[in-house]
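Here is the structure we will look at.
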Amino acid sequence: MNGVDLFLLGRTLMKIGEAALPTEGLGDQPGSARIVLIVVSDIRTHPGSAISEIVIRTGLPQSAVSAAVARLREAGAVVTEPDARDRRRLCIQPAPEISSRVEQVRSTSIDAALAKALAIDDPHRVAEIIALLEELARNLSPQALSRLRD
């Protein structure tokens, strides 16, 4: 496997993850699930950030970050509060308690989306692949990206 193969695998896994996310009851929302997940990941890694700081770190347009924060606030995943040093800015924090929407997203299985993407009907084989993905996730946390920058 080379860097291109790894990049394409990551992109494929990202698309399967998006397909596994529950969408019932969301209606037509601006912004993609991918952008929302990038923003929530950044907020979890850098709690207390302002939208402008998230824009700089993620490279996403400010309008996309603002829309994602609005969706996350509506879902109960984040809270915003005025910055004590600059009242014009809002600081974004992970919500202190898990909302029902966040719990629904976290508890949704990837089995069906992964089986469909792999064209596998054998639930045991799907479970084996999920176990391998879980092992990779345990060993390759989001903090690995910061080690790449060092």
Side-chain angles (χ1 to χ4, degrees), residues 7 9-147:
F7 178 85
L9 173 61
R11 186 171 186 279
T12 300
L13 290 172
M14 182 176 58
K15 293 284 192 180
I16 294 169
E18 285 177 332
L21 293 173
T23 57
E24 301 83 33
L26 289 182
D28 187 24
Q29 297 276 336
S32 75
R34 183 178 316 135
I35 291 172
V36 172
L37 291 170
I38 291 168
V39 170
V40 78
S41 174
D42 186 82
I43 293 167
R44 289 177 71 182
T45 306
H46 305 282
S49 294
I51 286 179
S52 61
E53 295 165 331
I54 298 169
V55 166
I56 291 167
R57 284 191 299 267
T58 63
L60 295 168
Q62 183 166 344
S63 60
V65 172
S66 295
V69 168
R71 283 180 67 183
L72 290 164
R73 192 174 45 231
E74 184 179 311
V78 300
V79 293
T80 58
E81 54 193 32
D83 186 337
R85 297 170 300 186
D86 181 352
R87 307 286 292 164
R88 296 171 294 173
R89 292 174 19 140
L90 285 178
C91 293
I92 304 145
Q93 302 277 357
E97 294 188 27
I98 297 174
S99 71
S100 60
R101 174 66 184 154
V102 171
E103 182 59 39
Q104 176 191 19
V105 170
R106 288 183 180 175
S107 66
T108 300
S109 170
I110 66 167
D111 295 38
L114 188 60
K116 183 176 180 181
L118 294 170
I120 295 175
D121 292 333
D122 180 2
H124 296 292
R125 182 66 182 136
V126 172
E128 289 173 349
I129 294 169
I130 289 172
L132 292 169
L133 290 171
E134 288 169 343
E135 182 178 348
L136 181 62
R138 279 191 303 277
N139 289 285
L140 194 58
S141 68
Q143 289 73 28
L145 295 178
S146 64
R147 290 191 296 271

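We use all heavy atoms of the structure for the numbers below, so side chains are in, but hydrogens, waters and symmetry mates are not.
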If I compare all heavy atoms of [X] with all of [Y], which pair ends up nearest, and what's the gap?
{"X": "Q62", "Y": "I51", "value": "CG-CG2, 4.0 Å"}
{"X": "I130", "Y": "D111", "value": "CD1-OD1, 3.2 Å"}
{"X": "A68", "Y": "I35", "value": "CB-CG2, 4.2 Å"}
{"X": "P47", "Y": "Q93", "value": "CB-OE1, 3.3 Å"}
{"X": "A20", "Y": "T108", "value": "O-CG2, 3.3 Å"}
{"X": "V79", "Y": "P94", "value": "CG2-O, 4.2 Å"}

Exercise. Restricting to pairs with a member in residues 12-22, which pass salt bridge (charged side-chain N to carboxylate O under 4.0 Å, His left out), not counting sequence neighbours?
Worked result: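 Salt bridge (charged side-chain N to carboxylate O under 4.0 Å, His left out) check on residues 12-22 returns E18-R34.
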
Exercise. Tell me, which pairs form a salt bridge (charged side-chain N to carboxylate O under 4.0 Å, His left out) where one or both residues lie in residues 49-65, sequence neighbours left out?
Worked result: D42-R57, E53-R89

Problem set entry | Distance in Å, L118 CG paired with I129 CD1, rounded so as to fall on 0.5 Å steps | 4.5 Å

Exercise. What is the distance from atom OG1 of T58 to atom CD1 of I43, rounded to the nearest 0.5 Å?
Worked result: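 CD1 of I43 is found 10.0 Å from OG1 of T58.
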
Exercise. Is the backbone of A75 close enough, under 3.5 Å, to the side chain of S99 for a donor and an acceptor to pair up by distance?
Worked result: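 Present.
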
Close side-chain approach of [X] to [Y], heavy-atom, < 4.5 Å:
{"X": "L133", "Y": "L114", "result": "yes"}
{"X": "M14", "Y": "L37", "result": "no"}
{"X": "V69", "Y": "L90", "result": "no"}
{"X": "I110", "Y": "I16", "result": "no"}

Problem set entry | salt bridge (Lys or Arg N to Asp or Glu O under 4.0 Å) partners of D121, counting only residues at least two apart |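 Scan of D121 (salt bridge (Lys or Arg N to Asp or Glu O under 4.0 Å), adjacent residues dropped) gives none.
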
Problem set entry | E103/R106 ion pair, N-O < 4.0 Å |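 No, no charged N to carboxylate O under 4.0 Å.
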
